[in-house]
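In what follows, a single structure is set out as structure tokens and then discussed.
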Amino acid sequence: MTTSRTSDHTAPTPEPEAEPPAGRRSWRSTGTRLAYAVAIVSAVAAAVLSPLGEHVVKAFLDEPTCPGEACEGKNPQNQGCTEDARTLKPGGNPALLQLRYSEECQAVWARIERGNPGDVVTVEAAGGAKRSAEIEYGDDKFTSMVRVGDGEFQVTACAVPKTGGKSTYQHYCIRASEATAWR
């Protein structure tokens, strides 16, 4: 066995620690790990608390937030009622007017797809409420919901062009009931 002696003037030189290749940083730093953890938690919280995140969470829960009377006058998209919604959109429909019905929410709403600013879309349940919405910009708009209950109902939706506006269709209405061939 061979031993090496060092003089009293020199101490053994420690080996240099391996450094990460250029352009790469070590994940070992506590500060770096903490910063990444805070960034990830913040991003997840922001996603869940945003309107889109709220919609995604509701979709996972797969239940509307307002069945029945609680849906009256509310936005169908925000309440999760579009998830099971079925549509009536007759052919030869100059305004592309449609009625949407959510059995789970026990509510209907109307939508116009081919209108102009100032045009109005309405929905009314027989013996119930009437809702309307005016196109402010673009060419489409939907109403808030009208409760129809669990059972028989009759509803009417209308597209009403603005007097002197750009729309070429006339006042146009469609009617439906629970027995309608909703798609």
Side-chain angles (χ1 to χ4, degrees), residues 44-183:
V44 170
V48 170
L49 297 175
S50 72
L52 177 59
E54 184 179 322
H55 180 72
V56 170
V57 168
K58 285 180 187 171
F60 281 121
L61 296 176
D62 202 27
E63 292 182 19
T65 60
C66 69
E69 192 172 322
C71 288
E72 184 69 47
K74 293 190 178 173
N75 181 316
Q77 292 177 337
N78 294 346
Q79 301 303 312
C81 297
T82 60
E83 303 301 320
D84 78 317
R86 296 179 290 160
T87 305
L88 171 64
K89 185 164 130 181
N93 181 342
L96 291 183
L97 178 65
Q98 58 182 256
L99 260 167
R100 309 271 339 257
Y101 167 53
S102 168
E103 189 172 353
E104 284 187 37
C105 290
Q106 300 172 11
V108 296
W109 60 97
R111 179 175 181 214
I112 184 173
E113 292 183 294
R114 192 184 293 154
N116 285 290
D119 291 358
V120 174
V121 59
T122 65
V123 63
E124 182 175 11
K130 179 178 183 177
R131 301 285 174 194
S132 62
E134 183 177 325
I135 299 175
E136 297 161 10
Y137 56 89
D139 59 3
D140 68 327
K141 187 74 173 184
F142 62 89
T143 66
S144 54
M145 294 185 283
V146 171
R147 183 179 79 84
V148 293
D150 188 19
E152 294 182 13
F153 63 86
Q154 297 273 333
V155 293
T156 302
C158 296
V160 183
K162 176 182 176 180
T163 304
K166 295 181 180 181
S167 292
T168 58
Y169 65 89
Q170 300 295 316
H171 186 110
Y172 179 79
C173 297
I174 55 177
R175 290 169 181 70
S177 71
E178 77 290 342
T180 296
W182 300 92
R183 293 185 179 175

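This one's a predicted model, so the numbers in the text were calculated from it and none came from an experiment.
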Under 2.5 Å between SG of Cys66 and Cys71: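 Yes, Cys66 links to Cys71 through a disulfide.
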Would you check if [X] and [Y] make a side-chain contact, meaning some heavy-atom pair closer than 4.5 Å?
| X | Y | value |
| --- | --- | --- |
| Pro94 | Tyr172 | yes |
| Leu97 | Val121 | yes |
| Glu152 | Glu178 | yes |
| Ser144 | Asn75 | no |
| Ile112 | Leu96 | no |
| Thr122 | Lys130 | yes |
| Gln154 | Arg175 | no |

Taking NZ, NE, NH1 and NH2 as the nitrogens, is one of them in Glu124 or Arg131 under 4.0 Å from a carboxylate oxygen of the other?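 Answer for the salt bridge query: no.
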If the condition is ring pair (Phe, Tyr, Trp, His ring centres under 6.0 Å), which residues does Phe153 pass it with, not counting sequence neighbours?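 Ring pair (Phe, Tyr, Trp, His ring centres under 6.0 Å) check on Phe153 returns Tyr101.
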If I take atom [atom1] from residue [X] and atom [atom2] from residue [Y], how far apart are they, to the nearest 0.5 angstrom?
| X | Y | atom1 | atom2 | answer |
| --- | --- | --- | --- | --- |
| Trp109 | Gln98 | CH2 | CD | 9.5 Å |
| Gln77 | Met145 | CD | CE | 10.0 Å |
| Phe142 | Thr82 | CZ | OG1 | 9.0 Å |

Flag, side chain of [X] to backbone of [Y], donor-acceptor distance under 3.5 Å:
| X | Y | answer |
| --- | --- | --- |
| Trp182 | Ser177 | yes |
| Glu72 | Arg147 | yes |
| Thr143 | Ala110 | yes |

Looking at Asp140, I want to see if its CG is surrounded by more than 12 non-hydrogen atoms of other residues, nucleotides or ligands under 6.0 Å.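 Count over threshold, so yes.
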Is Glu103 atom CD crowded by more than 12 heavy atoms from other residues, nucleotides or ligands, each under 6.0 Å away?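 It does not: Glu103 CD has 12 such atoms or fewer within range.
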Output a table of donor-acceptor pairs, distance under 3.5 Å, between side-chain atoms of residues 156-170 and any protein atom two or more places apart or on a different chain; print 'none' if there are none.
{"residue": "Ser167", "atom": "OG", "partner": "Asn116", "partner atom": "ND2", "Å": "2.9"}
{"residue": "Ser167", "atom": "OG", "partner": "Asp119", "partner atom": "OD1", "Å": "3.4"}
{"residue": "Ser167", "atom": "OG", "partner": "Asp119", "partner atom": "OD2", "Å": "2.4"}
{"residue": "Tyr169", "atom": "OH", "partner": "Asp119", "partner atom": "OD2", "Å": "3.0"}

Identify the two heavy atoms, one from [X] and one from [Y], that lie closest to each other, and give their separation to 0.1 Å.
| X | Y | value |
| --- | --- | --- |
| Val120 | Ser132 | CG1-CB, 4.0 Å |
| Leu88 | Ile174 | O-CD1, 4.0 Å |
| Val146 | Ala129 | CG1-O, 3.5 Å |

Just by distance, no angles: are the side chains of Thr87 and Arg100 close enough, under 3.5 Å, to form a donor-acceptor pair?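 The criterion, which ignores hydrogens and geometry beyond distance, is satisfied for Arg100 and Thr87.
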Stepwise side chain to side chain contact (heavy atoms under 4.5 Å, CB included) test for Lys89 and Glu113: CA-CA 11 Å; Lys89 185 164 130 181; Glu113 292 183 294; 2.8 Å; yes
